[in-house]
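Quantities reported herein were computed from a predicted structural model and do not represent experimental measurements. Positions are given from 1, in the same order as the sequence printed here. In each ligand, atom 1 is the first atom listed, and ligand 1 is the first ligand listed.
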Amino acid sequence: MAQFQDSPVPSTIAVIGAGPAGLMAAEVLAGAGRAVVVYDHMRSPARKLLIAGRGGLNLTHSEDFETFLSRYGEATARLRGAIEAFSPAALRAWCEGLGQATFVGSSGRVFPVGMKASPLLRAWLRRLDGLGVRFALRRRWTGWDEAGRLLFADAGGDSERVEAAATLLALGGASWPRLGSDGGWGDLLAGRGVVVQPLRPANCGFVVPWSESFAAKFAGTPLKPVTLSFAGRSLQGEVMITARGLEGGAVYALSAALREAIADIGSATLTLDLRPGLSLAELSRRLATPRGSQSLSTYLRKAGGLSPVAIGLLREAGVDTPDPKAIKALPVRLTATASIERAISSAGGVAFSQLDAGFMLRALPGVFVAGEMLDWEAPTGGYLLQGCFSTGAAAARGLLAWLEEGGAAAGARA
Ligand SMILES: Cc1cc2nc3c(=O)[nH]c(=O)nc-3n(C[C@H](O)[C@H](O)[C@H](O)COP(=O)(O)OP(=O)(O)OC[C@H]3O[C@@H](n4cnc5c(N)ncnc54)[C@H](O)[C@@H]3O)c2cc1C
């Protein structure tokens, strides 16, 4: 990969952030014949994409397009154009163009056949290299100088000023900050008059004030099968007990509503069905059999078919009789979101009201924004990466159109 050595000429476009959104933007820009330098403060690009690969790299989802779009909730209308222009089908074709065939899993989620990010990233970086994209790694963007030049600090603390024809920011959210995206850009943009909604955990775990003995015994134990219900939504899926609460796919799926309830009223009560395969009537029938000399735990395990962790949860809630109603609808009070450091993604970011139709910041002409740093959120299922790829491509097209209209010649930079 070509390393950045000297200051680029002013016709160069600076893409800051080498995650999926920034790299997709770089591909579109370089593919249009523009000189592009991608900056990142990490030693290597796309650290979070590589970690996403550990879970199989869920790239997108195969469901019907309107259902797909609806997963972006309030941001659907703002993302529609970008996702129509670079759709789930286009993402699969792009992936296959990089030699990584994809398949649809039983849940409708789309993965590369190899279930890994590294071969895809290697092929992508080779393509970018072929397009002449240069990389300037270990450079942290720290804002602009008084002349509107970009400021970067290198690992040794030296600073560098860069004049670019236009800038595309793809700095990510604030989850898993050790992978590079730490949300440090929020103050930089807010200081320039850009409205930035606070970054909050999304697809995250929650804090439950477990007793010490429960946490010691069950932290790290999967709870299955289980159905979770909150605010009129019920779903079955993966739940893990942690030392401080709950996490896992089913919890993440309800996390936006749970997080907002906690923000509004200080806590949220999740309802657990610990025996989702049995109706209340059938469970009641089974638990009407004589208990004899069996302990409550043994009886619940044998007659009720409950796992030790499910029995532990009932005890934790003070249930000391074989109560079928409690088993079918156990309330668990969540008191806070788990830390953003462990969340899959973040909500909040640059408000869409701050952007024009080409993803350019109205307050900072010539500065475009893409990816998770925009104010949208979505559940897991491939919607996050799709949103990042699509907005990366859309912001790059917006930037090209702006340049073609003479934006740079007007000297209208930050
Ligand atoms: C464990 C885990 C698993 C995931 N699995 C999936 C999945 O299977 N499917 C899915 O759709 N999504 C998944 N995601 C989410 C997905 O990876 C992110 O939404 C996506 O990577 C965001 O892309 P981005 O380009 O906007 O930002 P990022 O990938 O976060 O990239 C931003 C880049 O900006 C750089 N940067 C930040 N600040 C600065 C600065 N000041 N100066 C220079 N560089 C800077 C960072 O170093 C980083 O390289 C997962 C996330 C995690 C944490």
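Checked by distance only, ligand 1 and Leu57 stay at 3.5 Å or farther apart across all their nitrogen or oxygen atoms. The distance criterion of under 3.5 Å between nitrogen or oxygen atoms is not met by Ser175 with respect to ligand 1. At a 3.5 angstrom cut-off on N or O pairs, Ser181 counts as close to ligand 1. Ligand 1 has a nitrogen or oxygen under 3.5 angstrom from a nitrogen or oxygen of Pro20. Distances between N or O atoms of His41 and those of ligand 1 include at least one value under 3.5 Å.
Between Ser229 and Ser234, the side chains place a donor N or O and an acceptor N or O closer than 3.5 Å (distance only, hydrogens not considered). Between Ser279 and Lys328, the side chains place no donor N or O within less than 3.5 Å of an acceptor N or O (distance only, hydrogens not considered). Residues Gln386 and Ser390 have side chains that bring a donor and an acceptor to within less than 3.5 angstrom of each other.
Counting the atoms of ligand 1 from 1 in the order shown, those under 4.0 Å from a heavy atom of Gly172 are 26 (O), 27 (O), 30 (O), 32 (C). Of all the atoms in ligand 1, the ones that sit under 4.0 Å from a non-hydrogen atom of Leu384 are 10 (C), 11 (O), 12 (N), 15 (C), 19 (O). Interface of Trp141 with ligand 1, defined as ligand atoms under 4.0 Å from a residue heavy atom, comprises 40 (C), 41 (N), 42 (N), 43 (C). Within the listing of ligand 1, atoms 47 (O) sit less than 4.0 angstrom from a heavy atom of Met42. Close approach of ligand 1 to Ala170 is summarised as follows: ligand atoms under 4.0 Å from at least one heavy atom of the residue are 32 (C), 33 (C), 34 (O).
Taking a 6.0 Å sphere around CG of Asp356, one finds it holds more than 12 heavy atoms contributed by other residues, nucleotides or ligands.
If you check which protein heavy atom lies closest to atom 6 (C) of ligand 1, you get Ala52 CB, 3.6 Å. Distance from atom 10 (C) of ligand 1 to its nearest protein heavy atom, with residue and atom name: Leu385 CG, 3.3 Å. Nearest protein heavy-atom neighbour of atom 19 (O) of ligand 1: Glu372 OE1, 2.6 Å. Scanning the protein heavy atoms around atom 38 (N) of ligand 1, the nearest turns out to be Leu171 CD2, 3.7 Å. The nearest protein atom to atom 52 (C) of ligand 1, hydrogens excluded, is given as Ile344 O, 3.7 Å; this is a heavy-atom distance. Looking only at protein heavy atoms, the nearest one to atom 9 (N) of ligand 1 is Asn58 O, 2.8 Å. At the top of the distance list for atom 34 (O) of ligand 1, counting protein heavy atoms only, stands Gly17 CA, 3.3 Å. Protein heavy atom in closest approach to atom 47 (O) of ligand 1: Asp40 OD1, 2.7 Å.
With a 4.0 Å heavy-atom cut-off, ligand 1 is reached by the side chain of Trp176 but not by its N, CA, C or O. Only backbone heavy atoms of Arg139 (N, CA, C or O) come within less than 4.0 Å of ligand 1; its side chain stays farther off.
Among residues at least two apart or in separate chains, side chain to side chain donor-acceptor pair (under 3.5 Å) pairs with a member in residues 334-345 are Asn203-Ser345, Glu247-Arg342, Ser339-Glu341.
For Arg92, there are no salt bridge (Lys or Arg N to Asp or Glu O under 4.0 Å) partners two or more places apart in sequence or in a different chain.
Trp94 and Phe389 have tilted rings, their planes meeting at an angle from 30° to 60° on a 0 to 90° scale. The aromatic rings of Phe359 and Phe352 stand perpendicular to each other, their planes meeting at an angle above 60°, with 30° marking the opposite boundary.
Two residues are said to be in side-chain contact when any heavy atoms from C-beta on lie closer than 4.5 Å; Leu79 and Trp376 meet this criterion.
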message: For a side chain to side chain donor-acceptor pair (under 3.5 Å) check, start with the C-alpha distance between Ser175 and Lys48, then their side-chain angles and the critical distance, and finish with the verdict.
response: CA-CA 10 Å; Ser175 76; Lys48 198 175 273 185; 3.1 Å; yes
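Looking at every heavy atom in both residues, Gly183 comes nearest to Leu199 through CA-CD1, 3.8 Å.
Checked against the 6.0 Å centroid threshold, Tyr383 and Phe68 count as a close aromatic pair.
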